[in-house]
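Below is one structure; the comments refer to it alone.
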Amino acid sequence: MRVALKMARKARLYGEVPVGAIVVREGKILSMAHNLTRSLNDPTAHAELVALRRAAERLGDWRLAGCALFCTVEPCIQCAGAMLLSRVDRLVYGCADPKMGAVHSLFSLCGDPRLNHQVRVTGGVLGEEATALMRDFFKSLRK
């Protein structure tokens, strides 16, 4: 999670919402990413999606079974859906997102038994640090 937080700080340097993500398999980092939505003018370029794409490319397989995604903020609907489609085994996130979170806050997509895949979820890991990054970023925008 500390690497994901490092990526979130990097996002802020580029004027991006400070969200970072990494994909890990067997204790090794396959990919690292931060939000790129503003830089690329791409509404889908969330840190989680970029990290998933890079991991799939590195593995040469869209299935990311055996992988864990670590991200600083609870994933949105788009990113939770991508985790399900890519068959990620585990999600670890920092802080909740009460406005867009699709894992615990608004929806529970990762554990929905109606879907053909579920993702094990651990939330709140270094959550205070992730929350502070988000709070400080949006506070600076309001100035």
Nearest heavy-atom pair of Cys71 and Ala4: which atoms, and what distance?
CA-CB, 4.5 Å

Where do Val19 and Glu48 land on the side chain to side chain contact (heavy atoms under 4.5 Å, CB included) test, with the steps shown first?
CA-CA 9 Å; Val19 178; Glu48 301 94 325; 4.3 Å; yes

Closest heavy-atom pair, Ser31 versus Ala51, reported as atoms and distance to 0.1 Å, is OG-O, 2.6 Å

Applying salt bridge (charged side-chain N to carboxylate O under 4.0 Å, His left out), can you list everything that pairs with Asp112, at least two apart in sequence or on another chain?
Arg114

If we only count heavy atoms from C-beta on, is the Met83 to Cys110 side-chain gap below 4.5 Å?
yes

Going by heavy atoms in the side chains, are Leu64 and Leu52 under 4.5 Å from each other?
yes

Approximate separation, where rounding is to 0.5 Å, of Met32 CE and Lys10 NZ
7.5 Å

side-chain contact (heavy atoms from CB on, under 4.5 Å) with Ala68: which residues, sequence neighbours excluded?
Phe70, Arg90

Output the distance between atom SG (Cys79) and atom CG (Leu109), rounded to the nearest 0.5 Å.
11.5 Å

Holding to side-chain contact (heavy atoms from CB on, under 4.5 Å), I want the full list of residues that pass it with Arg9, two or more places apart in sequence or in another chain.
Leu5, Lys6, Glu129, Leu133

Should side-chain heavy atoms under 4.5 Å link Ile, Leu, Val, Met, Phe, Trp and Tyr, which residues sit in the same cluster as Val50?
Leu36, Leu40

For Asp61, enumerate each residue passing the salt bridge (charged side-chain N to carboxylate O under 4.0 Å, His left out) test, keeping only those at least two apart in sequence or located in another chain.
Arg63

Residue pairs meeting ring-ring contact (aromatic ring centres under 6.0 Å, His included), one or both in residues 71-118, sequence neighbours left out, come to Tyr93-His104

Is Val88 reachable from Leu115 through a run of hydrophobic residues whose side-chain heavy atoms are each under 4.5 Å from the next?
yes

Run Lys99 and Leu106 through side chain to side chain contact (heavy atoms under 4.5 Å, CB included) and show every step you take.
CA-CA 7 Å; Lys99 294 185 179 184; Leu106 298 176; 5.8 Å; no

By side-chain contact (heavy atoms from CB on, under 4.5 Å), Leu13 pairs with (sequence neighbours left out) none

Within-4.5 Å side-chain heavy-atom neighbours: Val23 and Arg53:
no

Does Ile77 belong to the same Ile/Leu/Val/Met/Phe/Trp/Tyr cluster as Val103, with side-chain heavy atoms less than 4.5 Å apart forming each link?
yes

Residue pair Cys67 / Val24, side-chain heavy-atom distance below 4.5 Å
no

Scan residues 118-143 for pairs that pass ring-ring contact (aromatic ring centres under 6.0 Å, His included), counting only residues two or more places apart or in two chains.
none

Please list all pairs meeting side chain to side chain donor-acceptor pair (under 3.5 Å) that have one or both residues in residues 76-89, counting only residues at least two apart or in different chains.
His46-Gln78

CE (Met7) and CG (Asn35) are apart, to the nearest 0.5 Å, by 10.5 Å

Strictly by ring-ring contact (aromatic ring centres under 6.0 Å, His included), give each pair with a member in residues 8-45 just once, sequence neighbours left out.
Tyr14-His34

Please walk me through it: do Leu69 and Val92 pass side chain to side chain contact (heavy atoms under 4.5 Å, CB included)?
CA-CA 6 Å; Leu69 176 71; Val92 178; over 6 Å; no

Taken in chain and number order and not counting sequence neighbours, the residues that satisfy side-chain contact (heavy atoms from CB on, under 4.5 Å) with Asp136 are Arg12

So, taking the atom named CG in Leu84 and the one named CG in Asn116, what distance separates them when rounded to the nearest 0.5 Å?
8.0 Å

Does the side chain of Met134 reach to within under 4.5 Å of the side chain of Asp97, using non-hydrogen atoms?
no

Side chains of Pro43 and Thr37: closer than 4.5 Å at any heavy-atom pair?
no

Residue pairs meeting side chain to side chain donor-acceptor pair (under 3.5 Å), one or both in residues 64-76, sequence neighbours left out, come to Glu74-Ser105

